[in-house]
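None of the values given here were measured: they were computed from a predicted structure.
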Amino acid sequence: MGGWQPNPLQTGAAWLPFAAGLILGAGSAPKLLLKIAPRLVAATGALLSAVAALWFSAIAENASYWLHLAPAMFVLALGFGLGVIALTQAAVYLVDQDKAGIASALLNSAQQIGVALGLAVLAAVAATISVPQEHAGVSPGAALTAGYSTALLGAAAILVIAGVLALTTLNGHPTPETQNSDTSTDELTV
């Protein structure tokens, strides 16, 4: 087997760019939602994630962590943080208080089903590409990389479609800072 094998601490540290991108994306999304339209924030998140998936799809067996993996992980997490916060806000914004629980449950269910379905489809694509190449004499590493690259190209296409859908279907106005203060003032003056 040869080659360098990282210990658990090194493996955990290797995921720090992802954590940093997630913190930055999720931390800046609420401020952005007050200034610009939710559709722009969600579409930007999806398109950043698509760029990262394209970046990952070009990785070869001998890819450098610092030049190929770490930057792509950061961009992916940045897009994910922006997108999830914007989509969560869009899903529950202006929902009646008595229906907020149902809206939140539907959002969580859709996320879980979407992730499971997407993973199943992309794993099937990767396996479909990888297995015939292994039987054709290609090294297992090269065959696996080819399968993952194809699946990641599919993921990038799905993310671009998601970005276009977010841009065309979500709210086009920034979210007011306090939606309840306006309605409670109106109720008092009536």
Side-chain angles (χ1 to χ4, degrees), residues 12 15-57 70-125 151-190:
W15 281 94
L16 287 176
F18 188 86
L22 193 58
I23 290 168
L24 183 63
S28 61
K31 294 173 191 147
L32 288 172
L33 288 168
L34 294 174
K35 296 177 183 175
I36 60 176
R39 68 179 175 195
L40 297 175
V41 178
T44 300
L47 295 177
L48 282 171
S49 296
V51 166
L54 281 173
W55 196 333
F56 278 129
S57 74
M73 288 168 65
F74 178 81
V75 172
L76 177 68
L78 180 65
F80 180 73
L82 287 171
V84 165
I85 298 297
L87 291 173
T88 299
Q89 185 272 340
V92 297
Y93 183 64
L94 294 179
V95 173
D96 294 335
Q97 288 182 352
D98 63 332
K99 294 180 180 78
I102 294 170
S104 179
L106 285 171
L107 171 68
N108 287 330
S109 296
Q111 287 175 337
Q112 296 298 320
I113 292 168
V115 167
L117 182 62
L119 185 59
V121 168
L122 294 174
V125 168
L152 286 162
L153 287 172
I158 291 167
L159 287 163
V160 167
I161 292 168
V164 170
L165 285 172
L167 196 58
T168 58
T169 61
L170 294 179
N171 187 0
H173 303 289
T175 306
E177 265 187 76
T178 53
Q179 71 187 47
N180 291 337
S181 64
D182 292 340
T183 56
S184 61
T185 316
D186 291 341
E187 290 172 1
L188 292 174
T189 57
V190 173

Backbone N/O of Leu54 and side chain of Ser57: donor-acceptor pair under 3.5 Å: yes
Pair listing, side chain to side chain donor-acceptor pair (under 3.5 Å) test, anchored in residues 79-92, at least two apart: Gln89-Thr175
Roughly how far apart are Leu32 CG and Ile85 CD1, rounded to 0.5 Å? 11.5 Å
Atom of Ala43, atom of Ala166 and distance for their closest heavy-atom approach: N-CB, 3.9 Å
Say you draw a straight line from OG1 of Thr169 to CG of Leu165; how long is it, rounded to the nearest 0.5 Å? 5.5 Å
In Å and rounded to the nearest 0.5 Å, what is the CG to CD distance from Leu107 to Gln111? 4.0 Å
How long is the gap from CG on Leu87 to CG on Leu82, to the nearest 0.5 Å? 10.5 Å
Over 12 foreign heavy atoms within 6.0 Å of CZ, Phe56: yes
Taking every non-hydrogen atom, the tightest pair across Pro38 and Leu33: CA-CD2, 3.5 Å
For the residue pair Leu167 and Leu40, establish whether any side-chain heavy-atom pair is separated by less than 4.5 Å. yes
Residue pair Ala91 / Val95: nearest heavy atoms and the distance that separates them: O-CG2, 3.6 Å
Looking only at non-hydrogen atoms, find the nearest pair between Ala42 and Leu170 and report the distance. CB-CD1, 3.7 Å
Residue pair Ala86 / Val41: nearest heavy atoms and the distance that separates them: CB-CG1, 3.7 Å
With side chains defined as the heavy atoms from C-beta onward, is the minimum distance between Leu76 and Trp55 less than 4.5 Å? no
Is any side-chain heavy atom of Leu159 closer than 4.5 Å to a side-chain heavy atom of Leu48? no
Please report the shortest heavy-atom distance between Met73 and Trp15, naming the atom on each side. CE-CE3, 3.3 Å
